[in-house]
Amino acid sequence: MTTRSPVPADPRCPADDLSEFVYLDYAATTPLGREAFDAIGRGMRLFGNPSSRHSVGQAAHEALGTARAQVAALLGCPAGEVVFTGGGSEAINLALRGTFAPRHWRGHLVTTAIEHSAVLESAAALRRRGVDVTIVPPEPSGHVDPDRVAAALRPDTVLVSVMHANNETGAVQPVREITERAHAAGALMHVDAVQTAGKLPIDTLDADLVSISAHKFGGPKGVGALRLAAHHTVEPLVCGGGQEDGRRAGTENLPGVLGMAAAATAALPRLHDRSYRQQQWALRTRLLRHLGALDGVRVNATDPVMAETVSVTFAGVRGDTVADVLDMHGICVSTGSACHAGQDSPSHVLTAMGLDVEQARATLRFSFGAGTTGADIDTAGRATVAAVEQVRRVSGRSGTPLATVGTAGVR
Ligand code: PLP
């Protein structure tokens with residue numbers, strides 16, 4: 001394990017000390033951006049309670065309103081439809097459980113086998129209470145077929161929940177098409193946009209419910225938002241003082257919310273910046289070229305895929321062993337979703353796509369973003385090739401050819 005410390009030397013610029021590291025785990029969390037860092041400080045100083053009538057409270061209230069408008073701009077909805085939450089998981093729980101609670105846990109939910117555990121565990125909780133749940137499997141490409149979702153819809157389907165892009169493979173799902181199918185059948189649509197917010201446009205999703213999380217796009221942890229369309233109501237998970245228009249009680253986390261809003265505003269220009277997008281694709285291509293020096297490599301998920309998330313299976317190795325070797329060189333990658341790190345169970349996403357347990361365990365996720373350079377990718381690419389070769393040599397295993405999904409996203 002590395003002895004380096006990621007604690008920033010200069011507290012004014014939180015990401016500076018990442019120069020010690022090659023950080024390729026943006027899908028787990030992103031470095032805090034400078035704009036967010038400054039806004040959090042402002043939120044700390046604006047100590048008033050936004051619900052207080054006096055001037056100090058009203059200053060906080062005003063800042064909260066501005067932040068709501070900023071987050072609404074990212075989501076493409078009226079400010080009144082933004083509910084601040086304690087992160088992506090809470091937004092998702094509010095969307096799913098909050099939709100079925102007023103219906104006394106009756107009705108039908110359609111979701112998919114590749115969702116984040118916040119969705120799958122909420123679905124499991126709903127099922128225990130009596131909601132009927134259909135879980136649609138993905139195709140081997142990592143995508144959900146809209147026809148399969150449509151085939152699962154029933155007259156009593158209340159809600160369909162599909163993620164915008166998968167956190168492990170980066171596969172971008174046909175959520176607009178699925179939303180149309182859901183609406184045509186009279187169902188509501190929830191999109192978990194945690195991985196795409198701030199990276200791909202989400203303002204045209206047209207879903208009734210959209211979940212986002214600040215720490216995935218340069219904001220702080222423990223704060224997120226749910227877009228809750230005006231025509232829909234949910235039962236709050238947290239009851240109390242009626243904050244957030246009665247949709248989520250508790251004195252607002254002003255520093256966190258201001259940090260998220262600043263990160264959203266900073267991300268907006270990147271969303272339609274062609275040269276930024278090309279830069280991210282160039283980084284992906286560069287990484288895959290390095291990894292192409294190895295036999296027995298499979299890129300999981302074909303196009304459409306997020307440039308920034310690359311899932312690769314290396315035959316004959318354990319992904320966690322390679323990740324540990326890379327960590328000793330200051331290179332941070334992941335074996336899958338961060339929330340399952342430390343667990344030995346193979347990825348539910350990869351196994352749903354048809355990988356066997358050994359292949360799923362032989363997988364690494366590289367994910368990058370605005371702070372990543374070509375030099376970072378070269379360092380990580382070369383080190384990964386060396387680490388995989390080393391682990392294969394030690395274990396006496398070779399790169400047995402793997403069925404290739406494709407050179408996914410090599411552009
Ligand atoms: N949904 C997806 C697709 C995610 O990747 C994550 C986090 O990894 C979440 C939901 C949960 O978000 P949070 O960490 O803010 O609870």
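Counting starts at 1 for both ligands and their atoms, in listed order. These values consider heavy atoms only, across backbone and side chains, with no hydrogens, waters or symmetry-generated copies.
Close approach of ligand 1 to His215 (heavy-atom distance below 4.0 Å) involves ligand atoms 13 (P), 14 (O), 15 (O). Of all atoms in ligand 1, numbered sequentially from 1 with element shown, those under 4.0 Å from a heavy atom of Gly87 are 15 (O). Near Ser213, meaning under 4.0 Å from any of its heavy atoms, are these atoms of ligand 1: 13 (P), 15 (O).
No salt bridge links Arg365 with Glu168; every basic N to acidic carboxylate O contact stays at or beyond 4.0 Å. A salt bridge is absent between Arg97 and Glu90; no separation between the charged side-chain nitrogens and carboxylate oxygens falls under 4.0 Å. Salt-bridge check for Asp147 with Arg181: passed, with a basic side-chain N closer than 4.0 Å to an acidic carboxylate O.
At a heavy-atom distance under 4.0 Å, only side-chain atoms of Ile92, from C-beta outward, approach ligand 1. Residue Met163 touches ligand 1 through its side chain alone, judged by heavy-atom distances below 4.0 Å. At a heavy-atom cutoff of 4.0 Å, ligand 1 is contacted by no atom of Ala118, backbone or side chain.
Residue contacts with ligand 1 do not include Lys221, since none of its heavy atoms lies under 4.0 Å from the ligand. Judged by the shortest distance from any of its heavy atoms, Glu90 lies outside the 4.0 Å radius around the atoms of ligand 1.
Residue Ala28 places no N or O, backbone or side chain, under 3.5 Å from any N or O of ligand 1.
The closest donor-acceptor contact from the side chain of Thr111 to the backbone of Ser161 lies under 3.5 Å. Proximity of a side-chain donor or acceptor of Asp376 to a complementary backbone N or O of Thr373 within less than 3.5 Å is detected.
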### Task
Would you check, one step at a time, whether the test side chain to side chain contact (heavy atoms under 4.5 Å, CB included) holds for Arg361 with Asp320?
CA-CA 8 Å; Arg361 287 206 170 111; Asp320 49 10; over 6 Å; no
### Message
Under the criterion side chain to side chain contact (heavy atoms under 4.5 Å, CB included), I'd like the reasoning laid out for Arg129 against Phe100: C-alpha separation, chi angles, the key distance, then a yes or no.
### Response
CA-CA 10 Å; Arg129 295 208 142 198; Phe100 281 93; over 6 Å; no
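Closest heavy-atom approach to atom 3 (C) of ligand 1 within the set Thr196, Asp192, Asn93: this belongs to Asp192.
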